[in-house]
Amino acid sequence: MGHQGRLSNASGDLLGGGGTTYYFKFSIWNNPTVGSGTRLWPVGTPGTTTVTVRQGVFNVNIGDTANGYPDALTYDFNQNNAVYLQIKVSSQTLSPRQRIASNALAQLAARVSGVGVSSFGTTT
């Protein structure tokens with residue numbers, strides 16, 4: 001799952017400059033409020049991944065173990081339609097958690113494959 005974010009300090013200044021390594025931990029929860037809810041993924045403590053931040057921007061492929069991500073993304077997103085990504089950078093947990101939502105095309109594809117009822121007619 002590709003994720004792009006932007007890091008800044010409390011004054012709004014972008015972090016990372018021309019390229020600084022930060023330590024990240026990502027997890028999926030059933031509640032948007034840090035300190036509340038249940039962690040849904042990973043089952044154990046999230047592994048740490050290093051990411052280079054440039055001018056505040058970072059990119060990570062969560063769950064891509066073939067490219068060094070520590071935890072395989074095994075969560076079944078069909079279990080819950082309201083899940084939230086928690087990001088911990090070094091020792092600080094960012095707040096609030098970010099909702100993970102599918103786009104309209106993914107929702108339509110799920111309905112066409114028989115997961116739901118399509119408003120576009122019957123499907124087989």
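- Note: R39 CZ to T45 OG1 = 5.5 Å, rounded to the nearest 0.5 Å.
- Scanning both residues, P46 and P42, for their nearest heavy atoms gives CA-CG, 3.6 Å.
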Begin with the C-alpha distance, continue with both residues' side-chain angles, and end with the deciding distance and a verdict on side-chain contact (heavy atoms from CB on, under 4.5 Å) for V83 and F77. CA-CA 8 Å; V83 294; F77 289 93; 4.1 Å; yes

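- The nearest pair of heavy atoms linking W41 to T74 is NE1-N, 3.6 Å.
- The shortest distance between side-chain heavy atoms of F58 and L7 falls below 4.5 Å.
- Ring geometry for F24 versus F26: interplanar angle under 30°, hence parallel rather than tilted (30 to 60°).
- Side-chain contact between I87 and H3 is present, with at least one heavy-atom pair separated by less than 4.5 Å.
- At a threshold of 4.5 Å between side-chain heavy atoms, the hydrophobic network of Ile, Leu, Val, Met, Phe, Trp and Tyr places I100 and L73 in one connected group.
- Within the 4.5 Å cutoff, no side-chain heavy atoms of V53 are placed close to those of V89.
- Heavy-atom neighbours of Q4 CD from other residues, nucleotides or ligands within 6.0 Å: above the threshold of 12.
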Would you mind writing out the side-chain donor-acceptor pairs for residues 27-34 within the sub-3.5 Å range, not counting sequence neighbours?
from: S27; atom 1: OG; to: W29; atom 2: NE1; distance (Å): 2.7
from: N30; atom 1: OD1; to: T38; atom 2: N; distance (Å): 2.7
from: N31; atom 1: OD1; to: T33; atom 2: N; distance (Å): 2.8

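- Taken to the nearest 0.5 Å, the OH atom of Y69 stands 10.5 Å off from the CG atom of D64.
- Rounding to the nearest 0.5 angstrom, the gap separating the CE atom in M1 from the CG atom in L85 is 5.0 Å.
- With sequence neighbours excluded, the residues satisfying side chain to side chain contact (heavy atoms under 4.5 Å, CB included) with D13 are N9, S11.
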